[in-house]
Amino acid sequence: MRLSKSFIPTLKENPSEAVIPSHILMIRAGLVRQLSAGIYSWLPLGYKVLRKIMDIIREEMNNIGGQEFHYPALNPKDIWEQTGRVEAFGDILFHVKNRDYVLAPTHEEIVAFHAKGEIVSYKDLPQIWYQIQTKFRNEPRPRSGVIRGRQFIMKDAYTLDKDEAGLDVGYELHDKAYRAIFDRCGLKYFVVGASSGAMGGSKSEEFMVKSEAGEDTVAYCESCGYAANVEVAQSNAQPIERENESKEIFDIHTPNVKSIDDLCAFLKINERQTAKSRIYINDDKPVLVLMLGNDEVNETKLTNVLGGNVRPAHPDELKEISGADAGSIGPIGFKHKIIADLLLKDGNNLYSGANKNDYHIGGIDLMRDVPNIEYHDLRIVKSGEKCIRCGSQLDVFKAIELGHIFKLGTKYSEALGVMFLDETGKEKPVVMGSYGIGVERILACFIEQNYDDKGIIWKDPLSPFDIHLIGLNMKNSLVAETTEKLYNDLQKEGFEVLFDDRIEGSAGVKFNDADLLGMPIQIIVGEKNLKENKVEIKNRRSGNKKVVELEKLIDSLQEIF
RNA sequence: CGGGGAGUAGCUCAGCCCGGCUAGAGCGCUUGGUUUGGGACCAAGAAGUCGCAGGUUCGAAUCCUGUCUCCCCGACCA
């Protein structure tokens with residue numbers, strides 16, 4: 001492609017709307033332009049990369065027997081009401097104003113709709129259905145460019161099986177396909193166990209890329225590969241040990257002592273002698289959650305334990321529920337349900353709030369003083385704690401979710417009546433799995449992992465072009481003739497070539513644009529080297545340059561590729 | 001939703017606090033010329049209802065009120 005005739009608008013300065021490197025570079029290199037918050041137009045160069053990614057996805061999905069569909073984005077609302085997901089998605093679901101339609105944020109319902117009545121026998125199963133399609137989610141806060149948008153391209157796949165064993169097979173196939181896709185795209189990623197959240201279902205795993213721009217927090221063990229979303233992550237943090245003798249309960253006046261740190265400093269005690277209290281509202285009923293020291297409550301774990309809706313109590317509700325404000329709340333005399341983290345199990349001689357402002361209580365014995373207390377794993381794992389599997393240090397960091405695979409089970413098939421007859425003539429619900437990849441996130445994550453201060457550094461097979469051919473001073477007839485011939489010859493050899501044939505523009509402009517756009521190989525043709533019948537090859541990643549004879553150029557390139 | 005920042009030329013921004021001549025700069029763009037191995041130079045030029053609406057004032061980019069949009073942080077850590 002000739003740069004002089006292409007729409008590849010590059011920017012010298014960083015755009016004000018972008019913060020993370022991939023976002024900045026995608027705008028500067030002319031891959032995307034923003035239309036509105038979380039809504040982007042793909043420009044030709046960006047879309048060329050996106051198509052390469054989609055081709056890889058298609059190949060790998062077809063490899064595991066996937067069949068490509070294209071479902072509508074515009075869906076009748078009533079089908080979403082049948083599965084209860086109009087309410088479950090809430091404000092995230094886009095509603096059409098002048099007809100009872102919604103814009104689909106995912107497609108379980110539509111897959112189930114089409115399966116119903118057509119998948120009627122165990123002989124029709126299994127099926128793997130997938131599509132690459134635009135999804136709509138009314139994100140309250142889009143961010144980081146295309147990483148979280150209100151409109152985005154997703155590869156979503158669905159397996160239909162007659163039983164759990166079949167689902168296991170489909171799940172494993174997707175696990176394999178996803179690894180192949182991300183490997184081929186050249187990404188460094190890892191796989192974590194995850195909470196299935198609002199999707200329902202049992203097992204689920206996320207494919208993640210480490211990044212400051214990530215929205216998930218992950219615990220990862222370098223030495224054994226243990227990786228889990230902090231929503232479900234565990235460590236081998238040790239429970240407190242019960243002391244031989246329990247003291248009697250006693251009150252302590254603790255003016256202006258609000259936090260556990262304050263309390264420890266004030267009483268000169270260890271964090272592991274304290275129990276922090278937090279009050280949650282579980283379906284209108286208050287629950288006191290006791291944590292060891294400064295451990296934080298993992299609300300996902302808490303929700304899984306309690307069921308129903310769980311939210312932290314508002315500050316103005318605290319006094320009515322407990323008799324005290326934040327900082328002085330505790331288990332003694334608390335009139336509602338109390339649950340505690342496992343690390344506190346059967347602890348004694350503990351300090352906690354007195355449910356009276358500016359007072360704490362010491363000598364608490366959870367066995368003696370708090371009847372009916374329940375213990376669960378409720379804490380958030382912290383960096384530096386020991387891995388639950390191998391005992392090495394865990395690293396906790398942010399990550400971007402590239403893909404997610406779920407074992408759904410029969411939630412949607414039962415809700416929508418997707419039934420088949422098994423070998424014995426018995427009617428059963430189809431067992432479903434659901435699998436998604438954020439297509440644009442692959443591109444953004446690739447750039448996050450492959451750039452320098454000059455720009456993007458592509459590599460095969462995502463690179464939009466193999467070679468960036470630069471003609472310096474195209475007014476010089478020898479340069480012009482040589483580059484024109486090279487442009488044709490290289491394409492005949494099967495290379496995709498971006499040809500900077502612009503007549504205007506100094507050498508510096510062309511070099512900088514080439515570095516910004518980031519094709520793996522640059523071929524630089526200038527008068528100086530041409531006098532000796534030579535041209536220069538530059539490796540974008542290493543920066544290494546080599547001057548070769550014109551006749552040997554193709555051979556040199558063959559060695560590189 | 002809560003908090004913070006921003007909206008002035010295609011882009012990046014100054015001017016606003018403390019109202020006052022024709023609203024500026026750099027980059028980009030157009031024309032002509034000189035240049036051509038790391039974002040060149042000279043000359044001439046086009047380009048902005050200062051986000052929108054209302055108000056205060058003799059006078060508003062600047063002050064006040066409302067509103068829209070965009071970016072960032074957070075999602076109630078006792």
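Reminder, nothing fancy here: chain letters follow the sequence lines and each chain counts from 1. All values below were derived from every heavy atom in this structure, side-chain atoms included, with hydrogens, water molecules and symmetry-related copies excluded.
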Value in whole Å for how far the [atom2] atom of [N] lies from [atom1] of [X]:
{"X": "A:Leu302", "N": "B:C76", "atom1": "CG", "atom2": "C1'", "value": "15 Å"}
{"X": "A:Asn476", "N": "B:G37", "atom1": "CG", "atom2": "P", "value": "11 Å"}
{"X": "A:Ile380", "N": "B:A75", "atom1": "CD1", "atom2": "C1'", "value": "13 Å"}
{"X": "A:Lys510", "N": "B:A40", "atom1": "NZ", "atom2": "C1'", "value": "14 Å"}
{"X": "A:Glu215", "N": "B:C72", "atom1": "CD", "atom2": "C1'", "value": "13 Å"}
{"X": "A:Arg148", "N": "B:C73", "atom1": "CZ", "atom2": "C1'", "value": "15 Å"}
{"X": "A:Lys398", "N": "B:C73", "atom1": "NZ", "atom2": "C1'", "value": "10 Å"}
{"X": "A:Asp262", "N": "B:C77", "atom1": "CG", "atom2": "C1'", "value": "14 Å"}

Could you walk me through whether A:Phe446 and A:Trp458 pass the ring pair (Phe, Tyr, Trp, His ring centres under 6.0 Å) check? CA-CA 8 Å; A:Phe446 179 89; A:Trp458 292 111; 5.4 Å; yes
Looking only at the side chain of [X] (C-beta and beyond, no hydrogens), which of the listed nucleotides [options] gets closest?
{"X": "A:Lys545", "options": "B:G38, B:C71, B:C77", "answer": "B:G38"}
{"X": "A:Pro312", "options": "B:C76, B:G37, B:A78", "answer": "B:C76"}
{"X": "A:Glu536", "options": "B:A78, B:G37, B:C72", "answer": "B:G37"}
{"X": "A:Gln34", "options": "B:A75, B:C70, B:G37", "answer": "B:C70"}
{"X": "A:Arg143", "options": "B:A78, B:C72, B:C27", "answer": "B:C72"}
{"X": "A:Phe511", "options": "B:G38, B:C70, B:A78", "answer": "B:G38"}
{"X": "A:Ser36", "options": "B:A40, B:C77, B:C70", "answer": "B:C70"}

Whole-Å [atom1] distance, [N] and [M]:
{"N": "B:C21", "M": "B:U62", "atom1": "P", "answer": "13 Å"}
{"N": "B:C17", "M": "B:U12", "atom1": "P", "answer": "25 Å"}
{"N": "B:C63", "M": "B:C58", "atom1": "C1'", "answer": "16 Å"}
{"N": "B:C68", "M": "B:A60", "atom1": "P", "answer": "25 Å"}
{"N": "B:A14", "M": "B:A61", "atom1": "C1'", "answer": "12 Å"}
{"N": "B:G24", "M": "B:U34", "atom1": "C1'", "answer": "29 Å"}
{"N": "B:C16", "M": "B:A23", "atom1": "C1'", "answer": "12 Å"}
{"N": "B:A53", "M": "B:A6", "atom1": "P", "answer": "22 Å"}

Give each protein N/O atom lying under 3.5 Å from an N/O atom of nucleotides 33-36 of chain B, with the pair distance.
{"residue": "B:U35", "atom": "O4", "partner": "A:Lys475", "partner atom": "NZ", "Å": "3.0"}
{"residue": "B:U36", "atom": "O4", "partner": "A:Lys475", "partner atom": "NZ", "Å": "3.3"}

Just to be sure I understand the rule, does [X] reach a base, reach only the sugar-phosphate, or reach nothing, if contact means heavy atoms closer than 4.0 Å?
{"X": "A:Arg28", "value": "base"}
{"X": "A:Asp513", "value": "base"}
{"X": "A:Gly526", "value": "base"}
{"X": "A:Ile279", "value": "base"}
{"X": "A:Val509", "value": "base"}
{"X": "A:Thr10", "value": "nothing"}
{"X": "A:Lys12", "value": "base"}
{"X": "A:Lys454", "value": "base"}

Given that both distances must come in under 3.5 Å, which nucleotide forms a Watson-Crick or G-U wobble pair with [N]?
{"N": "B:C29", "value": "B:G45"}
{"N": "B:A23", "value": "none"}
{"N": "B:C1", "value": "B:G74"}
{"N": "B:U67", "value": "B:G51"}
{"N": "B:U35", "value": "none"}

Starting at CZ of A:Phe511, measure out to NZ of A:Lys454 and round the result to the nearest 0.5 Å.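 Here the rounded value is 10.5 Å.
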What distance separates A:Ile39 CD1 from A:Glu139 CD, expressed to the nearest 0.5 Å?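 It is 11.5 Å, given to the nearest 0.5 Å.
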Within the supplied structure, the quantity of interest is the number of heavy atoms (other residues, nucleotides, ligands) at a distance under 6.0 Å from A:Asn533 CG; does it exceed 12?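 Buried by this count: over 12 neighbours within 6.0 Å.
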Taking atom OH of A:Tyr47 as the centre, report whether more than 12 heavy atoms of other residues, nucleotides or ligands fall under 6.0 Å from it.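 No, because the 6.0 Å sphere around OH of A:Tyr47 holds 12 heavy atoms or fewer from other groups.
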Hey, are A:Thr254 and A:Asp358 close enough side-chain-wise for a donor-acceptor pair under 3.5 Å?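 Result is no, nothing qualifies.
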Would you please say whether a donor-acceptor pair under 3.5 Å links the side chains of A:Ser204 and A:His404?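 Side chains of A:Ser204 and A:His404: pair found under 3.5 Å.
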Phosphate OP1/OP2 of B:A78 contacted by A:Arg278 side-chain N/O (<4.0 Å):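 So the side-chain polar atoms of A:Arg278 never come under 4.0 Å of the phosphate oxygens OP1 or OP2 of B:A78.
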Classify the ring geometry of A:Tyr359 against A:His253: parallel below 30°, tilted from 30° to 60°, perpendicular beyond 60°.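 The arrangement is tilted - the two ring planes meet at 30° to 60°.
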Does A:Lys337 qualify as a cation-pi partner of A:Tyr280, given the criterion of NZ or CZ under 6.0 Å from the six-membered ring centre and within 45 degrees of its axis?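 Checked: cation-pi criterion not met.
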Against the six-membered ring of A:Phe397, is A:Lys210 placed for a cation-pi contact (under 6.0 Å from the centre, within 45° of the normal)?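 Here A:Lys210 passes the 6.0 Å and 45° test against A:Phe397.
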Is a salt bridge present between A:Glu551 and A:Lys534, judged by a nitrogen-to-oxygen distance below 4.0 Å?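 Here A:Glu551 does not pair with A:Lys534 in a salt bridge, since their nearest N and O are not under 4.0 Å apart.
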Strictly below 4.0 Å, N to O, side chains only: are A:Lys301 and A:Asp377 in salt-bridge contact?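 Here A:Lys301 pairs with A:Asp377 in a salt bridge, since their nearest N and O are under 4.0 Å apart.
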Tell me which of A:Asp325 and A:Lys528 sits closer to the 5' end of RNA chain B, going by the nucleotide each one is nearest to.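 Between the two, 5'-proximity favours A:Lys528.
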When you match A:Arg141 and A:Leu318 each to their closest nucleotide on RNA chain B, which lands nearer the 5' end?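 Nearer the 5' end of the strand: A:Arg141.
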So if I define the base as every atom that isn't primed, P, OP1 or OP2, how would nucleotides 5-13 of chain B read as a B/S/- string at a heavy-atom cutoff under 4.0 Å? ------BSS
Stepwise side-chain contact (heavy atoms from CB on, under 4.5 Å) check, A:Leu31 with A:Ile447: CA-CA 12 Å; A:Leu31 307 186; A:Ile447 296 175; 4.0 Å; yes
